[in-house]
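Take a look at the structure set out below.
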Amino acid sequence: MMLIPTHHFRDIERKPEYLQPEKCVPPPHPSPVGTMWFIRDGCGIACAIVTWFLVLYAEFVVLFVMLIPSRDYVYSIINGIVFNLLAFLALASHCRAMLTDPGAVPKGNATKEFIESLQLKPGQVVYKCPKCCSIKPDRAHHCSVCKRCIRKMDHHCPWVNNCVGENNQKYFVLFTMYIALISLHALIMVGFHFLHCFEEDWTKCSSFSPPTTVILLILLCFEGLLFLIFTSVMFGTQVHSICTDETGIERLQRKHQPRERTGSWESVKETFGGDFSLNWCNPFSGPCHPKPLSDRDWVRQADSLSDTENTETTEERKDEDSTEVIDELPATPLSPDHLLEEEDSPFLR
């Protein structure tokens, strides 16, 4: 079989001189507590700006086209409070999902000193990411956009300009839920407004001219319907991932190896921050604080890996535009001075 460039690069990565931990630069000093996490990606920043613009556009149409000109003050006040509260919670959740460290693995910790400190025993292996030179704990995957390995990475979402991982999945779920709710609320109000304008004079329905009012309402209706469908699907897939304790990447790759599951309810409580309460819907309260990684979290048992990983396998995933080959590297026990290189494919939504 002819080797494609991906295979060629991975053959280079398997060479002993590449696997040597001396190639890794010592990890940088940890950032001060409270340092803001932000990904400098042009596409992600543009998508985040578009997200805010669309929410603010919906806010403008709801307030200045439908509610303020209405003569029913009780209707306007109640719907104005509900819509603005949901919009505020949606934008707050978006900021928390975008500016929260999703669970990045310390960069450049695959040094000889650190590996020796693990005191590997026969039958134990550690995985090294060849891109960020980090020791990868179980269920961590490398993101080519964030350029870091992320614990329990589900996917990289350009709309929040960040990965969805262990520490910010709650905020992403809340973001999709609140966007779906304000989209549904906006669609209902647009429907009532059209019915009201058909019964009365269009010039009294809005402070704008009738053609401008119709165009603004149609655009809002299209936006609300599109985002209601999109965010509802994303919300459902995220809740399913949390309840089954299986991330999107794990579901995509389907690695056939036994893995301990925490159980649906325990996984939900861990993600949303304890027992059920109103804090589950609060974007300003975080999930359960993850325990610091211990030495055993970096080490994996070779005999617990499936037989299918003991030999090199390839899995082809075809989409509409291209074919991507995912190479599984051999998972044979190595001496403590060596590492297993593991590489992930980008997974974007």
Side-chain angles (χ1 to χ4, degrees), residues 36 38-39 41-100 157-162 168 171-235 281-284 349:
M36 184 178 66
F38 184 75
I39 302 301
D41 175 58
C43 176
I45 294 173
C47 289
I49 293 174
V50 169
T51 301
W52 274 68
F53 171 78
L54 292 174
V55 173
L56 294 178
Y57 170 77
E59 184 84 18
F60 168 78
V61 176
V62 167
L63 289 180
F64 295 99
V65 177
M66 292 189 288
L67 296 183
I68 293 179
S70 175
R71 298 177 182 178
D72 190 343
Y73 298 110
V74 176
Y75 171 85
S76 298
I77 292 174
I78 293 176
N79 282 281
I81 292 175
V82 172
F83 187 85
N84 281 277
L85 177 62
L86 293 176
F88 171 76
L89 292 173
L91 294 179
S93 301
H94 183 270
C95 287
R96 294 301 302 271
M98 179 171 59
L99 303 178
T100 299
C157 179
W159 297 104
V160 297
N161 189 33
N162 201 0
N168 68 342
Y171 308 129
F172 183 76
V173 172
L174 293 181
F175 168 66
T176 57
M177 181 183 72
Y178 287 129
I179 290 294
L181 289 177
I182 64 173
S183 299
L184 179 61
H185 190 197
L187 287 173
I188 293 174
M189 285 191 291
V190 168
F192 279 114
H193 196 73
F194 268 120
L195 292 176
H196 175 70
C197 291
F198 282 140
E199 295 176 356
E200 302 213 3
D201 189 359
W202 273 89
T203 57
K204 298 179 181 179
C205 287
S206 173
S207 55
F208 296 90
S209 63
T212 303
T213 300
V214 172
I215 292 175
L216 291 175
L217 291 177
I218 290 177
L219 289 177
L220 177 61
C221 188
F222 177 77
E223 175 193 342
L225 184 62
L226 180 66
F227 276 90
L228 175 61
I229 296 173
F230 177 72
T231 54
S232 297
V233 172
M234 288 301 300
F235 176 78
C281 302
N282 181 10
F284 299 101
R349 280 183 183 169

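Here the closest non-hydrogen pair linking I182 and A87 is CG2-N, 3.7 Å. In this structure, G44 and D41 approach most closely via the heavy-atom pair N-OD2, 2.9 Å. Considering all non-hydrogen atoms of both residues, C47 and P158 come closest at CB-O, 3.2 Å. When all heavy atoms of L228 and L187 are compared, the pair lying nearest together is CD2-CD1, 3.9 Å. When every heavy atom of Y57 is checked against every heavy atom of L216, the shortest pair comes out as OH-O, 3.0 Å. Here the closest non-hydrogen pair linking T231 and T176 is CB-O, 3.5 Å.
Ring planes of H185 and F83: tilted class, angle from 30 to 60°. Between F227 and F230, the ring-plane angle classifies as perpendicular under the 30° and 60° cut-offs.
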Please determine whether side chain to side chain contact (heavy atoms under 4.5 Å, CB included) holds for the pair W52 and H94, giving the CA-CA distance in whole Å, both sets of side-chain angles, and the decisive distance to 0.1 Å. CA-CA 9 Å; W52 274 68; H94 183 270; 3.2 Å; yes
Kindly determine whether N79 and V62 satisfy side chain to side chain contact (heavy atoms under 4.5 Å, CB included), including the steps that lead there. CA-CA 9 Å; N79 282 281; V62 167; over 6 Å; no
Where do M66 and Y75 land on the side chain to side chain contact (heavy atoms under 4.5 Å, CB included) test, with the steps shown first? CA-CA 11 Å; M66 292 189 288; Y75 171 85; over 6 Å; no
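A heavy-atom distance below 4.5 Å is not found between the side chains of F175 and M234.
Rounded to the nearest 0.5 angstrom, W159 CH2 and L54 CG are separated by 7.0 Å. Summarising the geometry, atom CG belonging to L226 is positioned 11.0 Å from atom SG belonging to C221; distances are rounded to the nearest 0.5 Å.
Crowding of F284 atom CZ: a count of heavy atoms from other residues, nucleotides or ligands under 6.0 Å exceeding 12. More than 12 heavy atoms of other shown residues, nucleotides or ligands fall within 6.0 angstrom of atom CZ in F38.
Distance alone, capped at 3.5 Å, is enough to place a donor-acceptor pair between the N161 side chain and the I39 backbone. Remark: side-chain polar atoms of Y178 are not paired, donor with acceptor, to backbone N or O of F88 under 3.5 angstrom. Side chain of R96 to main chain of P283: a donor-acceptor pair is present (N/O by atom type, distance under 3.5 Å, no hydrogens or angles). Side-chain atoms of T100 never come within 3.5 Å of backbone atoms of A97 as a donor-acceptor pair (strictly under, hydrogens ignored). For the pair H193 (side chain) and L67 (backbone), a donor-acceptor distance under 3.5 Å is absent.
For the side-chain contact (heavy atoms from CB on, under 4.5 Å) with S93, the lone residue among L174, N168, N282, I179 that qualifies is L174.
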